[in-house]
Amino acid sequence: MSSVEARLFHGTRDVLPSELLPQKELVATLTRTFEAFGFAPVETPAMEYVDILLGKYGAEGEKLIYKLAYDDGNTLALRYDLTVPLSRLVAMHPELPKPFKRYQIQPVWRADRAQPAQGRFREFIQCDVDTVGTSSLVADAENLAVVHAGILASGMDGFVIKINHRKLLRGMMAYAGLPSTRDKEILRVVDKLDKIGLDEVISELGLIGVPVEAITKLVDLMQLTGSPEVVLGEARRRLTGVAEADTGLLEVEAMLGHTRALGVPETRLRVDLSLTRGLDYYTGPVYEIVTTEIERFGSLGGGGRYDDLLSLFGGEPVPATGVSIGLTRLLAALVKLGKLRARESATDLLISRFSDTPVDLALKVASNLRSQGFAVEWYYEADRLKKQFQYAERKGIPIVVILGASEVERGDVTAKCLATSEQVTLSYDAMTLWIREKLAARAM
RNA sequence: GUGGGUGUAGCUCAGUUGGUUAGAGCGUGAGAUUGUGGUUCUCGAGGUCGCGGGUUCAAUUCCCGUCACCCACCCCA
């Protein structure tokens, strides 16, 4: 057999214990949050028929779909997001009671140019919550409350949720005297405001033939800043009489009211009239979570309402709304900020051994400790104690249990807490209590 | 897909104005009187100098190509 270089496809990554342990904890927290809002879990296959995915994301997005070289190369593709597979699933299961509230934590694939420093990968995990079958803006507000709680729970504290509305955007186009047929190309430029700056946006809009007066009108609106009330109030003043804008404004106001009632602090919410979001399927409120702690880092999550997507799979239109947390990117951000509490192992106790340790007796002690609920690891070799302690140190195992001939003889057990250097020799029962105490203190 | 940059040990990098045995720090392995870690000290392992071709007596060093990676744009999670 010839050997091959061990390597990884660009944009994919291995996740080692030090990162996966905290990730799993975070997923457990997210799951609890999702379920607290009434969402139930679902999983869908990694691959879908190509035509299920086409025509939903827009030209830009569609280019990034990984098509599989299966059959004629035009049959299967890896899923690009979790929203379209959910829509397909709901269309196939009309018996599901509506509103259908589901969460889904699975990887998606995008043939993007990966840039790990910006949290961009070709394979990453999304955590979606979606509510299918209601037009209530409370569902949108719940999306915001859920991501707010989820991102906060991850330990990330510098973030804001940017909010806009597709109808408001169309109203802005009308107000500027621009045809709705051009909204995609124009709004794409508008969306770049905070990245390329005002002057660049103005000149790019000029380049694609937008009249100067229209640019002025758009840009003046986009630049509104301040609290949601201020921005909405000013937008309302300027957009009076534009029907679509009016609907959008009313919906954003209602949604924000519900969101505050759900306990999301005002300071986290920004109405940003330059936010458009690239995916084609959004029809109502749209939102995007951005970190304020890292320059030029992609969004931590995003979502919005997509009332027309379900009808693309036949049948009647079903209103739906959802939001996604980019788990892989969120973790990458936490690592970059040094906020991830890394841990090499989930083990609580390491049972050390010597050449004179009666192995099977010590294994019974290990089993007993496991049945008490502790995570217990056995040290296989009768190495020098120094080496056994070094091993525990490196893996972040908090307590070393020493069980040698002298302990066996006396019928007790010795244990040392590495963090505090405390060492005690106690009876088995007393030891259980002592260990529990030390582990509890550590968790603080 | 477009523009710029970088490829030397597991990681971060030095170096050779072209010359025979290519270095450091970190990490890693062993040890400093055989039941005690995080500090220190000693010794060791580990490199076809990205790959292919060219110039040359001689290339890791110069030239060309190629691949990979990084950064920015685009877009997003």
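The chains referred to below are lettered A, B, ... by the order of the sequence lines, with proteins before strands, and numbering in each begins at 1.
- Side-chain rings of A/Phe39 and A/Tyr103 stay apart, their centers remaining 6.0 Å or farther from each other.
- Scanning atom types as modelled, one donor and one acceptor separated by under 3.5 angstrom connect the side chain of A/Gln423 and the base of B/U36.
- A donor-acceptor pair shorter than 3.5 Å cannot be found between the side chains of A/Tyr66 and A/Glu123.
- Counting non-hydrogen atoms under 4.0 angstrom, A/Leu279 reaches the backbone sugars and phosphates but no base.
- Nucleic acid contact class of A/Glu288 (heavy atoms, under 4.0 Å, all strands): none.
- Contacts of A/Ser421 with the nucleic acid, taken as non-hydrogen atoms under 4.0 Å apart, include base atoms.
- Rounded to a whole angstrom, the distance from the C1' atom of B/U20 to that of B/U33 is 46 Å.
- Counted by atom type alone, A/Thr321 and A/Asn143 present one or more donor-acceptor pairs between their side chains at under 3.5 Å.
- Rounded to whole Å, the separation between the C1' atoms of B/A22 and B/U61 comes to 12 Å.
- Distances were taken from every side-chain heavy atom of A/Arg120 (C-beta onward) to each of B/G37, B/C74, B/A72; the shortest belongs to B/C74.
- Annotation: side-chain contact (heavy atoms from CB on, under 4.5 Å) contacts of A/Ala149 (sequence neighbours excluded): A/Thr33.
- As rounded to the nearest Å, B/U60 and B/G18 have C1' atoms that lie 10 Å from one another.
- When heavy atoms are screened at a 4.0 angstrom cut-off, A/Arg110 is found touching base atoms of the nucleic acid.
- In this model, a side-chain donor or acceptor of A/Glu393 finds a partner on the base of B/G37 within 3.5 Å.
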